[in-house]
Amino acid sequence: MKTIATATTQTSNVHYKTSIQTGDFALIADEPVHAGGQNAGPAPYDYLLAGLGACTSITLQMYAERKGWNLGELTIELNLQKDSEGNTHIERVLHTTEILSTEQQEKLLDIAGKTPVTKTLLQGASINTQYANS
C-alpha cells in the first residue's frame, strides 16, 4: 500500500476543540456552539467538503492547463445534507469567470466526477481502528 496522507489529532482543554497536524500544517477543528463546541475552527464535515472542493479545483485546473483552456477564477460551492434515512448527499456546483462552451462545461463535469477524493468518497474506504496505550 502507498501512503497518500497522514494526520494526527489531539484534544484540548476546550470542549470539542481538536488540534490537527498534517504535514507541515497545524489546523483546528471544533463543533459549532449549537452542537456544544466553541466554533474555534471548522467542523469535521466542513473539512470533508473542503478536501473534496480543493481536490476538484486542483484537478480541474490541471486539466484546463493541459487543454489550454482559460477558466478564469474557478469557484466550487459544496453542500452536504443527510436525508431522513441518514443517507449523505453532496451537491457540488462549478463556477468559472470565463465563458466556456457547452462541450467544455460537460467535460469539466465529467472530470469532476473522476477526481481522486470524489472516487474515494463514492467507493468508500475501509477504516481499521486500534487502541494503543500512550
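- The shortest side-chain heavy-atom distance between Val117 and Thr59 does not fall under the 4.5 Å cut-off.
- Counting heavy atoms from C-beta outward, Leu108 and Gln104 have side chains that stay 4.5 Å or more apart.
- Looking at Gln21, its side chain does come within 3.5 Å of a backbone N or O of Phe25 through a donor-acceptor pair.
- Nearest heavy-atom pair across His95 and Glu77 is NE2-OE2, 2.6 Å.
- Linking ILVMFWY residues whenever their side-chain heavy atoms come closer than 4.5 Å, directly or via other members, places Tyr63 and Ile76 in the same cluster.
- The distance from the CG atom of Leu71 to the CD1 atom of Ile99 is 12.0 Å, given to the nearest 0.5 Å.
- Tyr47 and Ala29 get closest at one heavy-atom pair: CE1-CB, 3.8 Å.
- A 6.0 Å sphere centred on CG of Leu122 holds more than 12 heavy atoms belonging to other residues, nucleotides or ligands.
- Distance alone, capped at 3.5 Å, is enough to place a donor-acceptor pair between the His15 side chain and the Gly36 backbone.
- Residue Gln81 qualifies as enclosed at atom CD: its count of foreign heavy atoms under 6.0 Å is above 12.
- Rounded to the nearest 0.5 Å, atoms CG (Asn39) and CD1 (Ile28) are 12.5 Å apart.
- Residues Glu31 and Pro44 meet the side-chain proximity criterion, which asks for heavy atoms closer than 4.5 Å.
- With contacts defined as side-chain heavy-atom distances shorter than 4.5 Å, the pair Leu80/Thr88 qualifies.
- To the nearest 0.5 Å, atom OG1 of residue Thr118 and atom CD of residue Gln123 are 10.5 Å apart.
- Following chains of ILVMFWY side-chain contacts shorter than 4.5 Å, one can reach Ile111 starting from Leu109, so the two form part of one hydrophobic cluster.
- To the nearest 0.5 Å, atoms CD1 (Ile90) and OH (Tyr45) are separated by 9.0 Å.
- Atom CG in Leu78 sits 11.0 Å away from atom CG in Asp46 (nearest 0.5 Å).
- Side-chain atoms of Arg92 come within 3.5 Å of backbone atoms of Ala112 as a donor-acceptor pair (strictly under, hydrogens ignored).
- Here the closest heavy-atom approach between residue Asn128 and residue Gln130 is recorded as ND2-NE2, 3.3 Å.
- Rounding to the nearest 0.5 angstrom, the gap separating the CG atom in Leu100 from the CG atom in Asn70 is 8.5 Å.
- A donor-acceptor contact shorter than 3.5 Å is absent between the side chain of Thr115 and the backbone of Leu52.
- Not one N or O on the side chain of Asp30 forms a donor-acceptor pair closer than 3.5 Å with the backbone of Gly41.
- Within 6.0 Å of NZ in Lys82 there are more than 12 heavy atoms belonging to other residues, nucleotides or ligands.
- Checking side-chain atoms of Thr9 against main-chain N and O of Thr18 turns up no donor-acceptor pair under 3.5 Å.
- Judged by distance alone, the side chains of Ser57 and Gln61 do bring a donor and an acceptor atom under 3.5 Å apart.
- With hydrogens and angles ignored, the 3.5 Å screen pairs a side-chain donor or acceptor of Thr22 with a backbone N or O of Thr6.
- Using a 4.5 Å cut-off on side-chain heavy atoms (C-beta onward), Asn79 and Val93 make no contact.
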